[in-house]
Amino acid sequence: MVRPINALVSGLAFAAAAASMQAPASAQTQPAKPAQIVVNASGGAQAAALRKAFFEEYEKRFGVRVVDSSPADLGKLRAMVTTGNIEWAVTELNMEDAVRAQEMGLLEPIDAKIVDRSRFPANLQTRTHIYTRSAYSTVIGYRTDAFPEGKRPKSFADFWNVQAFPGPRSMQNSPIDNLEFALIADGVAPDKLYPIDVDRAFRKLDQIKKNVAVWWTTGAQSAQLLIDKEVVLGTAWNGRYYAAIQQGAPIAIEWNQGGIKESAFVIPKGAKDAHWGQQMLAVMSDAKLQAIYANIVTYPGLNLDATQYTDPKIAPHLPTHPDNLSKQWWQDVNWWVKNGKDVQDRWSRWVIAK
Amino acid sequence: MSVLTGVLGRRAGRHGPALALGILPIAFLLVLFVYPVLRLLLFSVENGSLAHFEKALTDGLYVQVLLATFEIAIVVAVICLLLGYPVAYLLATASPFWAGFGFALLLLPFWTSVLVRTYAWMIILGRNGIFNRTLLELGIVDQPLALLHNTTGVLIGMVHVLLPYMVFPIYSIMKRVDMQLLSAAEGLGASSAQAFRRIYLPLTLPGVFAGMTLVFIISLGFFITPALLGGGRVMMIGVQVERLVRQYLDWSLAAAVAVILLAVALGVAAFFRRVLKGDLTWT
């Protein structure tokens with residue numbers, strides 16, 4: 001028995017929802033609107049870009065305030081899900097953590113009825129619990145005043161060649177990427193990196209160790225080291241170097257042999273605002289909004305239509321630009337999920353050894 | 001506190017109001033301190049097994065990092081003492097104006113975020129930092145000094161953050177020392193060095209122990225400063241615990257390491273209390 005007034009209200013709601021979302025709305029009534037949802041991500045400059053590209057639009061579309069928090073934290077996600085006290089509607093995670101979280105049953109499935117990934121690369125559409133928000137790359141960066149035109153490092157063989165390319169270097173204080181870089185420097189083809197020959201990689205790392213002045217910990221630090229001329233050659237996430245270049249630092253990026261990987265957003269299992277988290281992922285899938293985001297921080301969304309809206313001046317700085325993509329290798333996240341902890345312990349021992 | 005309870009005590013019973021006043025803080029400690037520590041203990045002995053302690057105490061990595069952490073904490077506490085004791089003395093004996101000025105200098109950085117201060121040190125101490133450029137231009141050195149991305153950088157950054165924790169307890173004790181005792185000692189023929197060693201120093205030792213305990217214990221948990229100023233080569237146990245908790249979700253091993261740290265911290269606190277009570281001789 002449906003009372004006319006209820007039917008009218010739900011009909012209106014349906015019409016409003018259908019009008020406001022490009023994706024087809026489900027026929028079921030939507031869960032109650034919260035006053036606000038919390039979206040947890042990495043923080044820093046990225047937070048401002050997320051707000052400008054996605055949160056402002058989300059607030060306009062649904063009238064739900066978006067509060068951001070940071071940092072991405074698998075430990076906190078697990079604590080929230082196990083205690084049932086879940087603050088986040090959506091959280092960012094690196095891929096390794098996201099895969100681990102899925103294996104432990106900490107994630108809600110992505111609702112394909114709400115989140116439209118039909119214009120994403122095929123391999124990303126089938127991810128059941130992990131939403132690929134972006135791709136980023138660990139790349140070589142160097143001071144252009146230390147390496148003038150014609151004498152610039154173009155590969156990890158060059159990075160390891162301290163005679164031809166002298167000066168202190170920096171790399172991330174983590175085995176991830178660095179083992180792959182070492183193998184590439186040792187002559188392994190980028191499509192033959194996995195499974196990683198860990199012993200061989202550490203032997204190669206031994207050769208460069210004393211020339212690495214700083215093993216960096218935070219993304220901000222990685223670019224600052226080049227800006228301060230503390231090092232002349234390093235590796236870091238592409239957006240960090242881009243931001244430094246934008247500020248006028250004499251730095252250049254070498255995309256060749258960069259390690260590209262996905263970054264993920266997920267919905268915590270049992271989140272009370274899960275539905276509104278799905279809606280956030282839907283907003284994040286919008287090609288035009290993805291382009292706004294990429295124009296600010298050079299981390300592209302993976303909707304294939306986003307490229308046509310991206311500023312042509314920004315496009316060559318994106319890791320997914322065809323010219324750049326062809327030079328890089330994709331990280332095998334499953335290898336790291338399986339071997340990460342043991343390799344990390346070995347890395348810690350190695351890095352503090354005199 | 002005693003004045004307050006005394007006033008209240010006259011109004012209604014002797015201990016009732018004092019207890020009532022204490023309920024909130026006690027409940028606060030039980031819920032937010034005692035319970036989490038017990039949970040931590042339970043995590044560390046998951047399934048009634050001591051395997052996580054065994055790993056923490058036999059795995060070369062954890063032992064090495066624990067020892068390095070204690071070493072840094074001790075060195076930081078000693079440097080803070082050497083710098084902080086004279087500072088506290090100056091503050092305790094200065095005129096109110098200069099004491100206020102000194103406290104302002106001490107407290108201003110204290111209210112600034114540790115992360116900001118750590119980045120500031122990177123600008124000052126770097127190869128092309130302010131300090132090294134000045135030295136080079138003055139011709140004092142011909143190669144930049146390695147002050148950053150090594151243990152030296154970590155010690156400078158940590159001492160800067162922790163110095164107030166040494167100065168305040170020593171200062172508060174020094175303020176209570178009756179300076180006429182020193183005059184009396186000198187009147188009885190003691191040199192000023194003797195008067196310091198036999199009168200002033202013993203009287204201010206409680207402040208020294210309190211400061212040492214505070215600085216040592218806070219140092220044990222340091223984390224971002226060593227990671228950023230140590231260039232990645234200086235690893236403190238906090239970094240390992242964080243990684244186990246956040247990345248590898250091995251909360252039991254993390255808890256075992258944390259319990260070991262807690263035990264050492266309590267041990268140090270107990271040691272200084274015993275020294276203070278005169279159970280151990282100190283000359």
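Here is the naming used below: chain letters follow the sequence lines, and residue numbers restart at 1 for every chain.
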Inset, instruction - Side chain from CB out, backbone as N, CA, C, O: work out which of these in Asp345(A) comes under 4.5 Å of a heavy atom of chain B, or both, or neither. - result: both
Inset, instruction - Go through Leu249(B), Asp250(B), Val239(B) and name the one with the most non-hydrogen pairs under 4.5 angstrom from chain A. - result: Leu249(B)
Inset, instruction - Taking atom NZ of Lys338(A) as the centre, report whether more than 12 heavy atoms of other residues, nucleotides or ligands fall under 6.0 Å from it. - result: no
Inset, instruction - Determine the minimum heavy-atom distance between Gly126(B) and Glu230(A), stating which atoms define it. - result: CA-OE1, 3.2 Å
Inset, instruction - Report, by ascending residue number, the residues of residues 24-44 of chain B in heavy-atom contact with chain A at a distance under 4.5 Å; give 'none' if the set is empty. - result: none
Legend entry - Neighbours of chain A found in residues 64-74 of chain B - heavy atoms under 4.5 Å: Gln64(B), Val65(B)
Legend entry - Neighbourhood of chain A inside residues 128-164 of chain B, taking heavy atoms under 4.5 Å as contact: Asn128(B), Leu148(B), His149(B)
Legend entry - Contact residues of residues 225-235 of chain B (partner chain A; heavy-atom separation under 4.5 angstrom): Ala227(B), Leu228(B), Gly231(B), Gly232(B), Arg233(B), Met235(B)
Legend entry - From Leu74(A) atom CG to Gln247(B) atom CD, the distance as rounded to the nearest 0.5 Å: 8.5 Å
Legend entry - Interface moiety of Thr217(A) toward chain B, non-hydrogen atoms closer than 4.5 Å: side chain
Inset, instruction - Identify which part of Leu77(A) has an atom lying under 4.5 Å from any heavy atom of chain B, answering side chain, backbone, both or neither. - result: neither
Inset, instruction - Answer with side chain, backbone, both or neither: which region of Ala101(A) has an atom nearer than 4.5 Å to a non-hydrogen atom of chain B? - result: neither
Legend entry - N/O donor-acceptor pair under 3.5 Å between Arg349(A) side chain and Gly60(B) backbone: no
Legend entry - More than 12 heavy atoms from other groups under 6.0 Å of NZ on Lys341(A): yes
Legend entry - Residue part contacting chain B, namely of Arg346(A), when any heavy atom lies under 4.5 Å: neither
Inset, instruction - Specify the closest pair of heavy atoms between Pro71(A) and Arg246(B), including all atoms of both residues, with the distance to one decimal. - result: CG-NH1, 3.9 Å
Legend entry - Nearest heavy atoms of Arg243(B) and Asn173(A), plus distance in Å: NH2-O, 4.1 Å
Legend entry - Contact summary for Gln221(A) and Tyr119(B), nearest pair of heavy atoms: N-OH, 3.5 Å
Legend entry - Separation between CG of Leu225(A) and CZ of Arg127(B), rounded to the nearest 0.5 Å: 10.5 Å
